[in-house]
Every structure is written in C-alpha cells, then in structure tokens.
Amino acid sequence: MEKNRIVSGIRPTGDLHIGHYLGVLKNWVNLQDDYQCFYFIADWHALTSEYRDPSIIEQSARDMVITWLGVGIDPEKSVIFRQSHIKTHAELFLLLSMITPTSWLERNPTYKEMREELTEKDLSTYGFLGYPVLMATDIVIYHADKVPIGEDQLPHLELTREIVRRFNFIYGDAILTEPKEILTETPRVPGLDGRKMSKSYGNAIFIAETEESLAKKVMQMLTDPKRMTRKDPGEPKDCNLYPFHEYFTDEATRDEIQAGCRSAGLGCVDCKRILIKSLVREFGPVWEKIAYYRGHTSLVDDILNAGFQRATRESDLTMARVRAAMKLAG
Ligand code: TRP
C-alpha cells in the first residue's frame, strides 16, 4: 500500500538553530519511515517578506538543505526540493486565487499578527496577503494527507481546507485532498540570554556550529542568577541552561547535575562542560555529514535535481486534473 503523504517546508531566511532542530527537524526525520514525505525550501514564501533583499534567501537555501541532510533527512526516503523550481506551484497558486475570497485572507490571525509585529518591513503587498494560498498550493499539489506544523500555522491549514472544499464543491468531488495537521509541539527553547532562541535576537546556537564556537556560546549562557559565586547553591528550574540538559543529557547525569546545583557541589562552569559534551555527542555526527556535503556540493545538486524530477511528476498529475476541471486542458 502506498504510504500517506506529508508535505512541509521551511522558509530560507537564515541559518537553522537548535530551536528548529528540536521543534521541527527531529520530527521530520522521524516521520520519514511512516510517510512519504515531501520536504521543500519555501523560497517563494521567503520572498513575501524578504523581497527587498533576497540575498539571504540564496545563501540560506543551499545551507539549509545541507543542514537537513546533516540531521538525517534522507533523500532515499524523502523528496527534497526547492519550491521555485516547480513552476506549477505558481500556476496552481493563480488558479486557487480565483476562488479564494479576499475576506478569508484578511481575517487570518497569523496575517494580522505578522503585519503588526514585523513593522520594519512593508508587508502591505498582494503577495503577502496571498501567503496562505501559496501554502495551500504547496500542500494540495502533492495531495498531502498530513502537514506537520506548529500552532502558529494552524490558521493557514484551516484556510487550506476551506479552499479545498470550495474547489471540490465548484469543480467536482475529490479533485483535491483535504489535509490534516500533525501538530508538533514547539518547545520553548531558550537562547543564550534567556529569551526565546531566535536568529533575530542574536542569541541562537546554530545546528552547524564548530565545536569551538559551540563551546564559546555555552560558556556565555546565563545560569541561575542566585549563583553569584561558586559556593552559592542554585535551582535548575531557575536556570536558563538547564533545559538544554533535559534535551541532550542522559537522566542519570541530570540527577547528578540537579543535586550538584542545589548543594553547590557542582559549579556552573563544570555544568556547562557537561552540556558541551552532550551537545558534541548529539551534533558531532551531524557536523561530519554537513562537512561532507559542503565538500561534495555536486551531490547536493543531484539530490535537489532528483527531488525536482519527482516533485514535477507528482505535481503534473494534479495539474492535469485541475486544468481539466477548470476547462483549461484544451
Ligand atoms: N508557512 C510555513 C512557515 O512559515 C512554511 C511553509 C510554506 C509550509 N509552505 C508550507 C509549511 C507547506 C508546511 C506546508 O513555517
């Protein structure tokens, strides 16, 4: 039996960090065995906000694929491609635009929120308003059954379902598939300064660090402010670094760390050294793979090319049906 399908994309607007790793990528890796996954670089989506200076997109698109391969996205299992290579996304976007009421887009809470928050960018564009229609396109063009997303993207998926229902109602049953979400919990990963980890805050630990740069960052991390001196006891719950042990350090060592922190038996520098070790254990193999692909970029091209071929084949099937339904097949 053919596996159920998954589609998901990431906007290439900067380097991927540990927040992405825990919140998105580990999940993507796990889904590969149970689903036929289509993972893509959402470069057109990135343009909706980065249109004034798209150079960041070019840079991060390539690096992003290498990082995906590094963490274990497997081109033998999953289709990996770049959105802008598959021109039919633009065609279907146009066709879905014909039937999407503007009021559905204007009331979208994510749209309203982003326009209010990203005040330094002019997002009063037609392209940005149409963002969810483009996202719907990415999903339905491959007949995705499931879409792994964080909570902030739920309104977009709901819109996708509404567009699908409207399309099928107008043009004929079951031409497009209604997708369901796989809601991924996005853990609140703290950055170096305790605020949420984000590239724009400059507090991120990236997936593709070197051991040296990683160690330097960990050594900068804030710990429990009660531990003014080495002798002051602390509380892991109040420590900005401790959550990382929860993610990356084994349980027995964590118990020792907790006891050592509370009794002041263990100093923050030693605690950080343990974390560095845990992170190197986790990311060492990832770094090796990243270095390999950076040294063999033609392999990355081959992977993207194979993804392009496969995505083209699948999307062409959908487009044939859509064009016929909309009387454009002649
Ligand atoms: N909108 C998503 C985000 O900002 C990225 C994205 C674009 C996406 N198209 C998609 C995610 C299709 C899932 C499926 O994170």
Side-chain angles (χ1 to χ4, degrees), residues 1-12 15-43 45 60-83 85-86 89 135 137-151 153 157 160 177-187 189 206-208 247-248 281-294 296-297 299-315 317-318:
M1 235 202 39
E2 220 198 310
K3 287 177 179 167
N4 275 349
R5 289 196 176 179
I6 276 191
V7 169
S8 202
I10 303 181
R11 302 179 327 125
D15 294 338
L16 298 173
H17 53 62
I18 292 190
H20 297 114
Y21 178 73
L22 294 169
V24 184
L25 291 173
K26 275 181 88 162
N27 201 28
W28 277 21
V29 170
N30 292 334
L31 291 166
Q32 295 181 111
D33 291 321
D34 298 329
Y35 294 92
Q36 173 60 59
C37 299
F38 292 75
Y39 294 136
F40 69 97
I41 306 164
D43 52 355
H45 277 91
S60 33
R62 216 186 160 72
D63 268 6
M64 194 160 88
V65 181
I66 291 178
T67 305
W68 290 0
L69 296 167
V71 301
I73 302 298
D74 182 349
E76 298 289 324
K77 296 181 189 160
S78 300
V79 186
I80 302 171
F81 63 99
R82 186 163 168 168
Q83 180 185 35
H85 290 176
I86 317 290
H89 281 234
M135 182 158 158
T137 300
D138 305 331
I139 296 167
V140 304
I141 206 165
Y142 303 107
H143 291 286
D145 303 285
K146 301 269 177 66
V147 182
I149 41 169
E151 205 165 355
Q153 298 291 311
L157 201 67
T160 301
T177 305
E178 249 187 77
K180 293 198 173 59
E181 69 272 8
I182 298 180
L183 199 56
T184 48
E185 256 184 66
T186 14
V189 180
F206 297 105
I207 297 172
Y247 297 126
F248 297 109
R281 193 180 311 120
E282 179 94 7
F283 290 105
V286 174
W287 295 336
E288 267 175 39
K289 274 186 162 176
I290 289 178
Y292 175 77
Y293 282 109
R294 281 189 179 152
H296 296 80
T297 47
L299 278 183
V300 181
D301 292 336
D302 292 347
I303 289 166
L304 282 172
N305 195 32
F308 164 76
Q309 309 277 353
R310 175 76 193 276
T312 300
R313 237 183 310 146
E314 299 296 342
S315 55
L317 291 175
T318 309

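The model shown is predicted, which means the values in this text are computed figures rather than measured ones.
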How far does [atom1] of [X] sit from [atom2] of [Y], to the nearest 0.5 angstrom?
X      : Y      : atom1 : atom2 : answer
Thr184 : Ile149 : OG1   : CD1   : 7.5 Å
Asp63  : Ile41  : CG    : CD1   : 10.5 Å
Tyr39  : Asp74  : OH    : CG    : 11.0 Å
Leu317 : Ile141 : CG    : CD1   : 10.5 Å
Gln83  : Ile10  : CD    : CD1   : 13.0 Å
Glu178 : Leu157 : CD    : CG    : 9.5 Å

Shortest non-hydrogen separation from [X] to [Y] and the atoms involved:
X      : Y      : answer
Pro187 : Gly23  : CD-CA, 3.8 Å
Arg281 : Phe248 : NH1-O, 4.4 Å
Pro179 : Val147 : CB-CG2, 4.0 Å
Ile6   : Pro148 : CG2-CD, 3.7 Å
Leu183 : Gly150 : CD1-C, 4.0 Å
Ile290 : Gly70  : CG1-CA, 4.0 Å

Intermediate values then yes/no, ring pair (Phe, Tyr, Trp, His ring centres under 6.0 Å), His89 and Tyr142: CA-CA 10 Å; His89 281 234; Tyr142 303 107; 5.5 Å; yes
Check the pair Thr312, Ile86 against side-chain contact (heavy atoms from CB on, under 4.5 Å), reporting the backbone distance first and the verdict last. CA-CA 6 Å; Thr312 300; Ile86 317 290; 3.8 Å; yes
Close side-chain approach of Met64 and Leu16, heavy atoms under 4.5 Å: yes
Would the Phe40 and Phe81 ring centres measure less than 6.0 Å apart? yes
Establish, yes or no, whether a centroid distance under 6.0 Å links the rings of Phe206 and His20. no
Ignoring hydrogens and angles, tell me if any N or O in the side chain of [X] forms a donor-acceptor pair with the backbone of [Y] under 3.5 Å.
X      : Y      : answer
Lys26  : Val71  : no
Thr297 : Arg294 : no
Gln32  : Gly72  : yes
Asp145 : Arg5   : yes

Which of parallel (below 30°), tilted (30 to 60°) and perpendicular (above 60°) describes Trp68 and Trp28? perpendicular
Distance-only polar pair, side chains of Tyr21 and Glu282, donor-acceptor under 3.5 Å: yes
Does a salt bridge link Arg62 with Asp301, judged by any charged N lying under 4.0 Å from a carboxylate O? yes
Enclosure of Glu151 CD (heavy-atom neighbours >12, cutoff 6.0 Å): no
Inspect the surroundings of NZ in Lys180 and state if more than 12 heavy atoms from other residues, nucleotides or ligands are less than 6.0 Å away. no
